[in-house]
Amino acid sequence: ARKSYLGWLLGQVDPSRTERFGFVDGTAVLSAELSPKHSLRLLAIGGDAALDDRISNPGLNSLVRALNQSGVLSAQWRYTPGRRSVFTQQLYVVAARYQNRVPDGRTREDGSDRDVTLRSTLQLAITGTQGVEVGVQQQWLRADRLDRSFSSRGETITLDRDGAWEASGAWAYYRWQPHRTLQWTGGLRADRSSLTGASAVSPVVLAEWTPSAAWRIRGGLGRQHQLARFDDTWPLPVSGAQPRAERAASADAGLEWRSPVHWRLQVDGYVRHDRDRLRLEQSEYRRVGTALVAPRQPFRINAMTGRARGVTSTLTYSRTTMLQALVSYTLAEATLSDFTTGESFPSDFDQRHTVNTSLRVQPGRGLGFTSRIRYGSNFPIVGYLDAVSADLWRIGTRRNQSRLPAYSRVDVRADWTPAWRGKHVTVFAEVINALGRRNLGPQSYSVRLPAGTVTGATERLFPVVPSAGVLVQF
């Protein structure tokens with residue numbers, strides 16, 4: 001079990017912050033070997049989280065308290081009738097509920113989700129070089145949403161929806177190793193959802209070639225589908241057409257080199273083409289010529305195509321457990337095009353440059369020191385915003401043209417794991433954003449009419465966050 005005092009700690013570090021966040025959660029696991037052929041594993045996770053925002057001069061609809069409760073129950077039975085086959089039966093139950101409250105204690109948004117999943121998998125080794133995996137999955141899902149808006153005349157219900165539906169899936173994969181240096185896997189997955197009546201089949205082919213102990217080459221081709229979720233099914237266009245499955249075709253390849261000792265270099269690249277991406281049309285302020293166009297009767301349709309591509313290079317050095325180091329760089333691009341409006345723009349999560357470094361030193365006697373550096377060129381500020389200054393924007397004609405400032409931070413950690421009465425005890429202390437870098441993230445912004453100026457599109461993320469604790473494992 002854990003209890004967070006992060007909200008109190010951030011208040012001490014930065015008293016100007018109005019938000020206070022905290023959570024309580026717990027985890028329980030039970031594993032039992034019932035016999036040489038049967039095993040059972042039970043897992044339970046539950047938690048509560050709360051966010052309080054002590055803003056000055058709140059409005060009637062200002063969010064001052066957000067609550068979330070969630071839980072997961074899982075049961076897994078594993079049966080091994082022989083050396084060549086494994087049958088696994090899994091049951092999951094996931095439930096979550098949220099509430100957003102305004103200053104007078106009334107609930108502005110209220111919703112819940114429930115997912116009961118039954119999954120069966122059979123893995124069979126046909127020969128020493130061939131194997132198959134087949135499986136089926138059945139889900140029973142339920143969700144509800146209730147949104148309100150408050151005024152001096154009372155309340156207005158802006159959204160009241162609930163639904164129950166089923167989703168099913170089945171898959172089959174075949175693995176073949178014609179040579180000790182070559183292996184490939186091919187298969188299909190089929191899915192169907194009663195929420196919209198949509199179905200999809202997704203094929204995939206993977207291959208791996210190891211010409212020597214130092215080199216490994218791998219690649220894959222596939223088609224993926226994302227069936228509409230509950231929140232994707234409204235608001236619908238006037239025609240009432242239900243959203244189709246979003247589709248993607250992707251290819252990836254990787255090259256790995258390992259030195260006889262210590263070093264490893266890995267280069268991975270990918271390209272993906274998207275079709276039928278969903279978009280909530282007419283939902284954002286934008287400018288057409290010199291005229292400012294306000295949101296009006298938004299609706300969700302399959303309106304976009306997209307392209308994403310990127311390459312990641314990772315270099316690691318490891319010398320037993322005494323010294324471990326990693327540095328990686330990713331160059332990526334993701335764009336979207338709306339074929340109903342003729343627009344093209346960067347994806348909401350388009351980040352061109354990403355750098356990660358990590359260094360861990362263990363001098364001995366259970367001591368360890370870790371440092372990590374993270375850098376990202378950052379994402380667009382979603383919307384039709386043109387930057388005027390660092391904290392002022394203007395509604396423009398093109399989407400996702402303004403970006404958040406580059407993100408970077410340094411984290412450091414020290415830990416000590418002594419041998420103590422047969423128990424595994426770790427004492428640790430760490431500091432997130434140790435250099436106090438002022439990073440910014442997006443937030444909901446306001447538009448001043450009739451000029452179309454925008455303020456409050458960014459907010460400061462966590463400042464320096466120190467923490468310490470003791471972990472005991474039995």
### Query
Is Arg119 close enough and on-axis enough to Tyr92, meaning under 6.0 Å and within 45°, for cation-pi?
no
### Query
Got Arg413 and Asp411 here, is their nearest side-chain heavy-atom distance under 4.5 Å?
no
### Message
I'd like to check Arg460 versus Leu440 (side-chain heavy atoms, cut-off strictly below 4.5 Å). Are they in contact?
### Response
yes
### Candidates Thr354, Thr330, Asp268 - the one meeting side-chain hydrogen bond (donor to acceptor under 3.5 Å, both in side chains) with Thr312
Thr330
Around [X], counting heavy atoms of other residues, nucleotides and ligands shown, do more than 12 lie under 6.0 Å from its [atom1]?
X: Arg275; atom1: CZ; answer: no
X: Arg437; atom1: CZ; answer: yes
X: Arg403; atom1: CZ; answer: yes
X: Trp416; atom1: CH2; answer: no

Are side-chain N/O atoms of [X] and [Y] paired as donor and acceptor at under 3.5 Å?
X: Tyr407; Y: Gln351; value: no
X: Thr426; Y: Asp415; value: no
X: Asp115; Y: Gln139; value: yes

### Query
Among all residues two or more places apart in sequence or in another chain, which pass the ring-ring contact (aromatic ring centres under 6.0 Å, His included) test with Tyr317?
His262, Trp263
### Task
Go through the structure and list residues passing ring-ring contact (aromatic ring centres under 6.0 Å, His included) with Trp165, not counting sequence neighbours.
Phe230
Considering only distance and modelled atom types, tabulate donor-acceptor pairs under 3.5 Å from the side chains of residues 70-85, sequence neighbours left out.
| from | atom 1 | to | atom 2 | distance (Å) |
| --- | --- | --- | --- | --- |
| Trp77 | NE1 | His38 | ND1 | 3.2 |
| Arg84 | NH1 | Ala125 | O | 3.3 |
| Arg84 | NH1 | Ile126 | O | 3.3 |

### Task
Provide the closest heavy-atom pair for Pro405 versus Asn378 in the form atom of the first, atom of the second, distance.
O-ND2, 2.7 Å
